[in-house]
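Data first, discussion second: the structure below is written as C-alpha cells.
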Number of protein chains: 2
Amino acid sequence: MEPPASPRRVTIVDVARHAQVSTTAVSKVLRNAYGASPEMRAKVRRAIEELGYRPLAAARGLRGRTYTIGVMLPDIRNPFFPEILDGVTGCLADTDYQVLLGPGCNGEKEEARVTEAMIDRGMDGLVLVAPVSPRARLEHVASVVPTVVIGRHSHSPKYDSVADDDVAGAALVVGHLAALGHRRIAHIEHHETDPTRIAEMPNAQRADGYRQAMRDLGLHEGIDVVSTSYTQQGGYEGAKELLARRPRPTAIFAGADIVAMGVLEAVSEAGLSVPGDLSVAGYDNTTFAALGQISLTSVDQAGREIGRNAARLLLERIEDRGKTSVQVKLSPTLVARRTTARPAG
Amino acid sequence: MEPPASPRRVTIVDVARHAQVSTTAVSKVLRNAYGASPEMRAKVRRAIEELGYRPLAAARGLRGRTYTIGVMLPDIRNPFFPEILDGVTGCLADTDYQVLLGPGCNGEKEEARVTEAMIDRGMDGLVLVAPVSPRARLEHVASVVPTVVIGRHSHSPKYDSVADDDVAGAALVVGHLAALGHRRIAHIEHHETDPTRIAEMPNAQRADGYRQAMRDLGLHEGIDVVSTSYTQQGGYEGAKELLARRPRPTAIFAGADIVAMGVLEAVSEAGLSVPGDLSVAGYDNTTFAALGQISLTSVDQAGREIGRNAARLLLERIEDRGKTSVQVKLSPTLVARRTTARPAG
DNA sequence: CGGCCGATGGGTAACGTTTTCCATCGGTGG
DNA sequence: CCACCGATGGAAAACGTTACCCATCGGCCG
C-alpha cells in the first residue's frame, strides 16, 4: 500500500537515459564544461528538471568537487561572526557552492577536529575565522585545501588572509576619548601566552594600537593596561582592578564588547554612573552594543565586507591553487554611543 | 626542493598494504564490524596510526554512511540556539559522528535550499531547529533522511520531535506577574498567517498559553494581545501601541527576549521606568536577558537538554529507520530578574 | 580532392569506500 | 572418519560522478 520508504534517488544515469544522451554529456552540462552544444544543454536541462535530479555531492567529491565551502567559527555566541557569515554566503549565493559551518570550537583541539572533519568531507575550500591554532597548523591545512584566514595578522604564502586594521581601530577609540578630554584612558586586553601567535592575534594588535595611539597623543603617562581575557568575567575583573586605582582612570577601553559588558556591571556595582563618572568603549559593534539599553560606543569591523572579501579570495584560490597569496586589510569605523562623554570636572 | 603540493592522501589501500591485510579487513575495523579477530584489529589500528590515515567521508557516503549530522538553525543571531547546539554536539562527541551546521536561513526558500544541500551531501541525519516550512515539506525531508524536528508542536509519524512546553512557559510568566499583583498583563505575539502551521508554532502556543493562564487566574478582563513579530522592531511597535492604552497595562509579556528589548526601548523613550512603572518579561533566557545592564525576567527553555534529546533520538532513528516516532516535551523554568516587580500603587 | 581541424558526443576507467558474497580452516558431533 | 559449522579473511562488485581520451563529422585550406 505505502510507497517504498526510499524510492531510489534519481541518478545521472536516469537523466542520461531520459534525455537520450550519455552520462558524460549530462556531466558536462552540470559543470558548464566545454563540449556541449546549446541544443544538448537545453535537452539535458529539461530532463533534469522533469526528473527532479540533484547531483550527489559525495559522488562528485570522489572525482571532482563537492561544491561545498566550510566555514569555521570559533564561537557561535559571539554576535560579530554572523556578519562575516552573511558576507560569505552573500558572495557565494549566486554560485553553485554551498556553505556549511563547523560547530563552535574554542581551543586548538576542537579547531583541529573541525578542520580535519571538513577536509575529510572533501570541502573545496575553507574559511577559518579567528583561529587560535598555531601558524604551522594553519599552513598545513592550507596545503591540503584552499584556505582563507580571517582575523589573523599573518602573511603566509600558503593562504590568503582578511583582517581588520586593529591598530587603527584602537587608535579610533583612543582618539575619540582623547578628543572628549580624557587623559587617563585604561585598556583591558586579552592575555596572550603563546609566543608563536602573539603578533598575529587581534587582541595583541589592539593593545599595541592603544599604546601607540596614547603615545602619539602625548598621553604616555595615562597608559594603563590590565590583562585578563575577552570574556564578560574578564571585563568584570579588569574593571574591579582599574576602579581601585588612585587616581581612577576616567575612561576604559575594553578590547571587545563582551568585555565592556563586564565592565559596565562592575561599574554599576561600584555605584558609579556611565558616562558620568566613567566612559566605556568596546570593540566589535555587536548586537549588544546597539541595544538601546546599553548603547555602547564601539568599533565596527565591517564584518560583512570581511566575509565578502574572504569568499572572493577563496573562489579565486579554488580556481588557481598556485596563485600568490593576498592580504586584505580593512578599515574599521567608530560608532559613538552613549557610554562615552566628556569626563567630569 | 619543496615537497609536492599534494602528497596524495593516504587511502584504505595503503593501510591494507602496510598492515598486510585486505582492504575489506581494514574497512571492518573502521566500522567495528563483525568478522575481524582481535589480533587483526590491533594490527590494522597500528597501521592506521602509523600512516595517519583518515577515511574520506565522500567515499564512505557513496556506499554507507558519511558520519555527518546536519543541523539547521533558522537564525545564527538568536542566542538561544547555541544552547541547543551544545546539547547536540555534546551528545555526539563520543560517537564517530560530526556535526555540521547550515548557514542561518530565514524563510521557507532558504530552508529548502539548506535541507536539500544537506541531503545531497549524504548526511546521515538532520536536526531541524524551529523550521518554518510547512509540515508536508518536513515529512518529505524526513522520508529521505532520518530527521528530528525541534520546536514544533507537531506529532508526525515520520519524524521525532523535541519541544518545550510553551503553554506552560507562558503560564509561568503570567503566574509570576499575577503573583506580584499585576492584573492588566498584556502580551506581544508573533503574527502567524499560514493556517497549516498555526497550531504547531511556538509563538502560537505561547499566545494560547497566555490567554489560558489569564483565564485560569480570573484575569480574563486583563487579556490584551498585540500581534507584531518576534523582532526588536516588533517589540518596539507593540509596546508603543500598548503604552497608548488607557488604562495602561502594568506588565508586558513579550513572546521572545528580542521582543522585550524593543519593549524596553519604547518604554524608556516614553519616559517610563522599569519595573517601577511597568514590568517586562521575555522568553528564551538569551544572553541578553542575563546581562547585568538588562537583567530581564525570562523563561529558560533548557536548550541544552533539548539538543541532547534531539541527538539521542536521531541516533536511534539512524539505527532503526522504521521505529515509531517519539515526541519529547520538556518543561521550561522561570528566571525572575529585575524587570519585574510589584505594580505601583 | 585529400588531409586537417574544431566542434561535438560518448566510452570507460578511475575515485575510495562498503557490501555481498565466497573460501578456508580448525573443531565437533554423529 | 565424515559432514557440518562458526569464525575469520579476502575477492570483487557495487555506489554516482568526473576526467581522460578517442571517434565522428562537417567544413575549409592547400
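Quick note on labels: first sequence line is chain A, next is B, and so on, each numbered from 1. Note that the coordinates shown come from a computational prediction; the quantities given were computed from them, not determined experimentally.
One finds no side-chain N or O of Tyr67(B) lying less than 4.0 angstrom from the OP1 or OP2 phosphate oxygen of dT17(C). For Arg31(B) and dT19(C), the shortest distance from a side-chain N or O to OP1 or OP2 is below 4.0 Å. One finds a side-chain N or O of Ser27(B) lying less than 4.0 angstrom from the OP1 or OP2 phosphate oxygen of dT18(C). Within the structure, every side-chain polar atom (N or O) of Thr11(A) is placed at least 4.0 Å from both OP1 and OP2 of dG16(D). Of the side-chain N and O atoms in Ser37(A), one or more sit less than 4.0 angstrom from OP1 or OP2 of dG9(C). Contact annotation: Arg60(A) reaches the phosphate of dT18(D) (side-chain N/O to OP1 or OP2, under 4.0 Å).
Atoms CG (Leu51(A)) and C1' (dG16(D)) sit 15 Å apart, rounded to a whole Å. Going from atom CD1 of Ile12(A) over to atom C1' of dG9(C) covers 14 Å, rounded to whole Å. Look at CZ on Arg9(B): it is 12 Å from C1' on dT17(C), rounded to the nearest Å. The CG atom of Leu62(B) sits 11 Å away from the P atom of dT17(C) (whole-angstrom rounding).
Under the 3.5 Å distance criterion, with hydrogens and angles disregarded, a donor-acceptor pair is assigned to the side chains of Arg65(B) and Tyr97(B).
With distances taken from any side-chain atom of Met40(A) to the nucleotides dG10(D), dT17(C), dG9(C), the minimum falls on dG9(C). Side-chain proximity of Val21(A) to the nucleotides dG16(D), dG10(C), dT18(D) is greatest for dG10(C). The listed nucleotides are dG10(C), dT18(D), dG9(D); the one nearest the side chain of Thr24(A) is dG10(C). Relative to the side chain of Ser22(A), the nucleotides dA14(C), dG10(C), dG10(D) differ in distance, and dG10(C) lies closest.
Nearest-nucleotide positions on DNA chain D place Glu39(B) closer to the 5' end than the other of Ala59(B) and Glu39(B). The residue among Gln20(B) and Leu30(A) whose nearest nucleotide of DNA chain D is located toward the 5' end is Gln20(B).
Ala58(A) comes within 4.0 angstrom of nothing in the nucleic acid, heavy atoms only.
Using a 4.5 Å cut-off on side-chain heavy atoms (C-beta onward), Val132(A) and Glu111(A) make contact.
Annotation: salt bridge (charged side-chain N to carboxylate O under 4.0 Å, His left out) contacts of Glu50(B) (sequence neighbours excluded): none.
From one end of the helix from dC1(C)-dG30(D) to dG30(C)-dC1(D) to the other, with five pairs defining each end axis, the axis direction shifts by 50° (rounded to 10°).
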